[in-house]
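Quick caveat, the model's predicted, so the values are computed rather than measured. Numbering of residues begins at 1 and proceeds along the displayed sequence. Note: hydrogens, waters and symmetry copies are ignored here, and every other heavy atom, side chains too, is used.
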Amino acid sequence: MSDRIYRIFVINPGSTSTKLSLFENRKNIFTTDVFHDSTVLLTFPTINDQLDYRMEVIHQFLEEDHIDLTGIDAVVGRGGGCFSVPGGIYQVDDRLVADTRAVRGGLYHASMLGVQMAQEIHRKYGGLCIMMDPPIVDELCDEARITGMKGVYRRAVSHALNLKATARHHSKLMGTRYEDCNYIVCHIDGGISISAHDHGRMIDGNDAGGGEGPFTPTRMGSLAITDGRRVLEGLSDEQIRDLCSQAGGLTNWFGTSNSDHIHQMVEAGDEVAVLVWNAMIYQIIKWIGMMSTALKGKVDAILLTGGLLRFPEVGGRIEESCGWIAPVCQYPGEFEQEAMCAGAMRILTGKEELKIYPGKPVWSGFEFHDTPSAQP
């Protein structure tokens with residue numbers, strides 16, 4: 001076994017901060033959130049326009065903390081809205097960065113800065129430059145794509161990185177392989193993704209990026225078309241997008257996405273807060289039931305991850321309602337930084353083959369209808 005120590009730098013941009021980690025092999029040397037002033041971010045017309053500002057702040061952080069990335073072995077950037085791809089680890093090249101900047105996959109989110117920032121670090125310090133399991137991972141089965149309108153097809157947009165990382169983590173603990181198991185994996189936080197994993201492929205799940213599924217602290221969730229038409233009529237495209245991504249759900253009900261604040265209202269017995277909070281959990285439970293049928297009832301485990309598991313009744317009620325389907329295992333928080341490091345290690349040690357971004361969506365329509373209107 002080689003004694004070589006690999007240094008891996010991980011970049012994970014969020015709406016107002018960028019999470020940075022430095023690993024030596026799988027040992028976490030440091031992890032920090034570098035915050036970006038939201039008043040400054042709002043001065044940029046687009047997310048792409050934030051790149052230079054964010055990089056300047058990060059370089060300042062590295063300099064002030066005397067962190068030298070010279071000789072880094074790998075730089076990993078969280079993937080963004082490029083064309084959809086199967087799960088895996090991809091080399092960051094100019095085509096991938098260009099398609100991400102152009103939002104070819106339709107996901108307009110701060111994560112699109114991940115590969116751009118990784119490329120900037122790579123250009124200065126070298127090393128392998130990669131992304132892993134971006135939010136637009138598409139492994140849907142054909143039946144999951146179809147809707148009741150010809151030419152309108154469901155998209156795959158989820159917290160793929162944390163979903164797959166949790167599944168791999170659980171498999172390792174159980175002494176088995178992700179590719180040999182069937183799981184329902186749920187990321188439960190500001191956004192909620194509920195997905196069915198069939199032997200290493202995420203064959204179905206809610207379109208979390210499009211507002212489908214349970215309502216969440218920030219997203220309005222699924223509505224009947226008739227209700228949607230009634231309540232959304234007259235709103236701008238931007239307002240509707242905000243309800244699907246940051247202004248819906250608990251935010252719409254209570255004027256804040258601060259789950260700690262809302263949960264304090266629940267604990268105090270606020271009638272509306274109790275009802276809405278429990279309804280959110282109820283909707284999560286219903287979607288877990290849907291995913292169990294996608295796997296034909298053959299479920300090895302139901303895996304829960306994400307920040308809302310810090311509230312015990314979230315996992316408790318799910319286990320109470322869904323434990324008959326399969327064992328329910330909770331992994332609070334997220335494994336994104338560790339997952340990106342582990343992916344880089346698999347490439348660096350030759351245990352997994354690096355993929356090349358194909359520059360086209362993994363799926364672009366059925367033969368009988370070549371131009372899906374669901375594609376952005």
*asked:* If you count heavy atoms of other groups shown closer than 6.0 angstrom to CD1 of Ile225, is the number above 12?
replied: no
*Can Tyr125 and Phe9 be said to form a ring pair (Phe, Tyr, Trp, His ring centres under 6.0 Å), step by step?*
CA-CA 11 Å; Tyr125 297 104; Phe9 191 58; 8.2 Å; no
*Tell me who clusters with Ile240, hydrophobic residues only, linked when side chains sit under 4.5 Å apart either directly or through other members.*
Met220, Leu223, Val231, Leu232, Leu235, Leu243
*May I ask you to decide whether Asp133 forms a salt bridge with Arg168, counting only side-chain N to carboxylate O separations under 4.0 Å?*
yes
*So, Lys19 and Glu336, do they make that salt bridge, N to O below 4.0 Å?*
no
*Taking 4.0 angstrom as the limit, do Glu120 and Arg123 come out as a salt bridge?*
yes
*Can a donor-acceptor pair be found between the side chains of Arg54 and Thr18 at a distance below 3.5 Å?*
yes
*Trp253 and Phe215: ring pair (Phe, Tyr, Trp, His ring centres under 6.0 Å), yes or no, with the steps?*
CA-CA 11 Å; Trp253 273 94; Phe215 68 84; 7.7 Å; no
*Nearest atoms (heavy-atom pairs only) where Leu140 meets Arg154*: CD1-O, 4.0 Å
*What are the two closest heavy atoms between Asp207 and Glu212, and how far apart are they?*
N-OE1, 2.7 Å
*Under 3.5 Å, is there a donor-acceptor pair between the Ser193 and His187 side chains?*
no
_Is a donor from one side chain sitting under 3.5 angstrom from an acceptor on the other, for Asn28 and Glu338?_
no
*Which pair of non-hydrogen atoms, one from Gly80 and one from Ile136, has the smallest distance, and what is that distance?*
O-CG1, 3.3 Å
*Using 4.0 Å as the upper bound for N to carboxylate O, is an ion pair formed by Asp138 and Arg155?*
no
_Clusters formed by hydrophobic residues whose side-chain heavy atoms approach within less than 4.5 Å: which one holds Met174, and what are its other members?_
Val137, Leu163, Leu173, Tyr178, Tyr183, Val185, Met202, Leu303, Tyr331, Phe335
*What is the minimum heavy-atom distance between Val103 and Tyr108, and which atoms define it?*
CG1-N, 3.9 Å
*Looking at side-chain heavy atoms only, is the closest gap between Thr305 and His169 below 4.5 Å?*
no
*Using a strict 4.0 Å threshold on nitrogen-to-oxygen distance, state whether Asp198 and Lys298 make a salt bridge.*
no
*Under 3.5 Å, is there a donor-acceptor pair linking the side chains of Glu179 and His197?*
no
*asked:* Which heavy atom of Glu24 sits nearest to which heavy atom of Ile5, and what is that distance?
replied: CB-CG2, 3.7 Å
*Regarding His261 and Ser259, is there a side-chain donor-to-acceptor distance under 3.5 Å anywhere?*
no
*Roughly how far, to the nearest 0.5 Å, is CD1 of Ile29 from CD1 of Ile67?*
10.5 Å
*Less than 4.0 Å between a side-chain N and a carboxylate O, is that true for Arg4 and Asp73?*
yes
*Over all heavy atoms of both residues, which pair between Ile262 and Ala273 is shortest? Give the atoms and the distance, please.*
O-CB, 4.5 Å
_Side chains of Thr46 and Asn48 only: does a donor on one sit below 3.5 Å from an acceptor on the other?_
no
*Rounded to the nearest 0.5 Å, how far apart are CG of Asn206 and OG1 of Thr216?*
10.0 Å
_Under a plain distance cut-off of 3.5 Å, with no hydrogens placed, do Asn258 and Thr256 share a side-chain donor-acceptor pair?_
no
*With no hydrogens and no angle check, do the side chains of His199 and Asn182 hold a donor and an acceptor under 3.5 Å apart?*
yes
*Could you give the distance from NZ (Lys286) to SG (Cys322), rounded to the nearest 0.5 Å?*
12.5 Å
_ring pair (Phe, Tyr, Trp, His ring centres under 6.0 Å) partners for Tyr357, two or more places apart_ = none
_Between CD on residue Gln50 and CE on residue Met55, distance to nearest 0.5 Å_ = 13.5 Å
_How long is the straight-line distance from CG of Asp33 back to OG of Ser21, given to the nearest 0.5 Å?_
9.0 Å
*Distance, nearest 0.5 Å, that separates CD of Gln116 from CD1 of Ile47*: 10.0 Å
